[in-house]
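Just so we're on the same page: letters track the sequence lines, and every chain starts at 1.
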Amino acid sequence: MANPKFQSPKGVKDIFSPESEVRRKVLDIFAKQARLAGYGEIVLPLFEDIGVFSRVGESTEIVQKQMYDFQDKDNRQMALRPESTASVMRAFIQHRPVTPWKCWYEGAHFRYEKPQAGRFRQFHQVGVEVLGTNDPAADTEVISLAAKFFQEIGCGVEIVLNSLGGVESRANYLETLRDYLTARNNELSAQAQKTLSLNPLRVLDSKVEGDAAIISEAPEMKLSADDQKHFDDVKEKLESLNIAYTLNKRLVRGLDYYTRTAFEFIATNLDSSQDAVGGGGRYDGLSELLGGPKCAGVGFAIGIDRTLLALEETQKISTNTLDVFIAYVGAQTEAIQMATELRQAEISTEFSFDNRSLKAQMKLADKSGAKVALILGEDEMKQNSVSVIELRKASNQSLVPQKDLKAHLLKLLNA
RNA sequence: GUGAUCGUAGCUCAGUUUGGUUAGAGCGCCGGGUUGUGAUCCCGGAGGUCGGGGGUUCAAAUCCCCUCGGUCACCCCA
């Protein structure tokens with residue numbers, strides 16, 4: 001990094017090929033899986049009125065200190081989206097699509113945080129939401145869709161599952177827990193005390209050793225009969241699909257709006273503290289929070305940057321390589337024409353600029369990874385033909401009439 | 001937000017402890033090794049105001065301060 005006058009902002013990165021190629025592939029696989037399950041894409045704004053997000057998680061860190069907010073020229077308080085569920089909900093309330101409504105999305109999200117392994121200020125998420133049903137089958141479908149995605153891209157994940165109770169039992173439990181923890185406040189770590197004032201549920205997630213005893217003695221969430229039945233149903237259906245999961249009563253999630261089913265996807269080969277590659281759950285009270293009708297919902301979000309990080313170790317996804325490299329001697333125009341024709345036939349083709357020496361061009365051809373090099377020089381032009389060299393095989397060169405070139409190449413490339 | 005650590009060619013780094021002639025290596029890049037042929041090999045070349053700013057000194061990549069950025073942990077989360 002010499003002395004560039006400008007560089008990318010803190011916590012934000014440029015992604016070059018071939019890394020970007022892998023990423024594209026992963027995104028395509030997600031889109032395909034979502035469509036296969038009948039989800040339609042929703043393209044949302046990257047920023048919203050700040051209220052859309054702040055309403056939804058007043059006590060969360062995401063809203064309290066990680067919001068990338070700004071004032072526009074009309075003095076409106078806006079925020080770059082830190083997540084998309086709230087945006088989806090806002091769009092739903094605004095346009096009222098027929099329910100049950102299933103959508104998927106993909107795009108950049110922003111959180112004003114100190115960057116770290118697997119954590120950036122701009123990061124890419126994909127996700128789905130199902131609105132207008134509390135059928136446990138929806139929970140299961142959503143989880144199995146994510147599981148299928150991870151399987152397709154070859155990323156090992158552990159599915160962690162919990163139930164946070166319905167809107168009412170969750171609220172009741174929150175009170176019980178708050179009372180209990182407040183009573184023992186002075187025994188808690190300073191960190192936990194701070195968390196307690198924000199969200200008692202998340203104290204259960206404390207990793208401070210001294211808090212362990214207090215946490216283990218804490219009253220447990222009692223699911224109502226309905227909530228328990230719902231949860232059992234979700235589990236049963238997951239089992240019927242052979243989707244393995246582990247239960248964890250401590251799983252709480254970062255946003256406050258979750259109710260009933262909550263889940264997380266933990267990358268098995270990521271040992272950094274940022275090993276959650278995705279998460280989601282049910283949010284049956286969210287619509288009302290944003291001034292909408294009563295409307296149940298369930299969904300998840302998956303962090304693509306982190307997923308890619310987890311994938312790096314396994315390198316399961318291969319990127320495309322070039323098919324043909326055209327080297328030319330005094331025939332640049334013909335080379336361009338030929339490249340255009342081959343591309344038309346969906347043969348990926350490249351040639352070099354700047355009229356370089358044949359030797360230089362052959363070196364480029366080799367480095368480009370092309371399977372075949374073509375030479376278009378005076379001799380070939382005279383005979384209306386092209387020299388075809390199979391780069392990955394021991395010296396294998398032949399002269400092919402230009403009219404037969406396409407067919408010849410297709411045969412070589414498909415062999 | 002708290003803390004640690006790093007920042008020298010496009011990349012990976014040496015040199016910083018014990019300040020001192022034109023700042024090095026490997027890889028990569030460009031060119032050449034006779035007429036139009038890739039890996040390998042040989043030869044040559046380009047490329048750095050040592051992240052930026054200030055200070056100490058006869059002298060700073062090397063010491064001090066500030067700042068920006070990277071990395072990592074805590075917090076939290078995707």
Side-chain angles (χ1 to χ4, degrees), chain A residues 1-13 16 57 59-66 81-85 107-127 146 157 189-192 194-195 198-199 202 205-208 251-255 264-267 270-280 300-310 325 327-331 352 354 356-381 387-397:
Chain A
M1 223 179 295
N3 302 315
K5 189 160 188 170
F6 297 109
Q7 46 188 311
S8 53
K10 192 187 182 90
V12 163
K13 60 183 177 174
F16 287 77
S59 74
T60 66
E61 265 214 351
I62 291 174
V63 167
Q64 289 215 318
K65 44 183 243 203
Q66 300 173 358
R81 61 182 181 190
E83 57 120 9
S84 271
T85 303
H109 293 74
F110 308 84
R111 280 163 27 184
Y112 200 87
E113 292 191 276
K114 199 158 169 179
Q116 199 182 315
R119 193 163 74 187
F120 317 96
R121 287 190 171 180
Q122 177 178 329
F123 55 99
H124 216 80
Q125 280 191 341
V126 296
V157 293
S189 65
Q191 189 58 56
K194 215 175 104 193
T195 311
L198 294 173
N199 183 347
R202 254 177 300 131
D205 213 18
S206 169
K207 283 155 208 147
V208 182
L251 177 66
V252 171
R253 309 252 56 235
L255 285 321
E264 242 167 47
F265 304 97
I266 309 295
L270 229 48
D271 53 355
S272 88
S273 52
Q274 263 68 45
D275 61 354
V277 290
F300 67 73
I302 290 171
I304 291 302
D305 307 85
R306 266 186 205 181
T307 301
L308 254 21
L309 225 51
F325 193 103
Y328 55 89
V329 181
S352 80
D354 303 319
R356 302 231 247 162
S357 71
L358 185 61
K359 178 174 177 168
Q361 291 185 72
M362 286 304 290
K363 281 188 180 179
L364 286 175
D366 188 61
K367 267 178 295 197
S368 75
K371 299 176 193 79
V372 173
L374 302 182
I375 294 179
L376 200 51
E378 285 173 29
D379 297 349
E380 287 85 356
M381 295 296 286
S387 291
V388 177
I389 301 161
E390 289 181 77
L391 290 170
R392 309 299 150 199
K393 291 182 183 164
S395 63
N396 195 349
Q397 179 163 353

| With distance as the sole test, does A/Arg81 use its side chain to make a donor-acceptor pair with the main-chain N or O of A/Ala108 at under 3.5 Å? | yes
For [N], does OP1 or OP2 lie under 4.0 Å from any side-chain N or O of [X]?
X	N	answer
A/Arg356	B/G31	yes
A/Lys367	B/C30	yes
A/Arg392	B/A39	no
A/Lys10	B/G69	yes
A/Gln7	B/C68	no

| query | Whole-Å distance between B/C29 C1' and A/Asp366 CG? | reply |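 Distance check: A/Asp366 CG to B/C29 C1' gives 16 Å.
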Between [N] and [M], how far is it from one [atom1] atom to the other, in whole Å?
N	M	atom1	answer
B/U37	B/A23	P	40 Å
B/A9	B/G52	P	10 Å
B/A60	B/U2	P	35 Å
B/A61	B/G19	P	14 Å
B/C11	B/U49	P	13 Å

Whether the side chain of [X] and the base of [N] hold a donor-acceptor pair under 3.5 Å is what I'd like checked.
X	N	value
A/Arg111	B/C76	no
A/Arg306	B/C77	yes
A/Glu380	B/G36	yes

Name the pairing partner of [N], where a pair is Watson-Crick or G-U wobble with both distances under 3.5 Å, or state none.
N	value
B/U5	B/G70
B/U57	none
B/C29	B/G45

| field | Within 45° cone of A/Phe110 ring axis and under 6.0 Å: A/Arg121 NZ or CZ | value | no
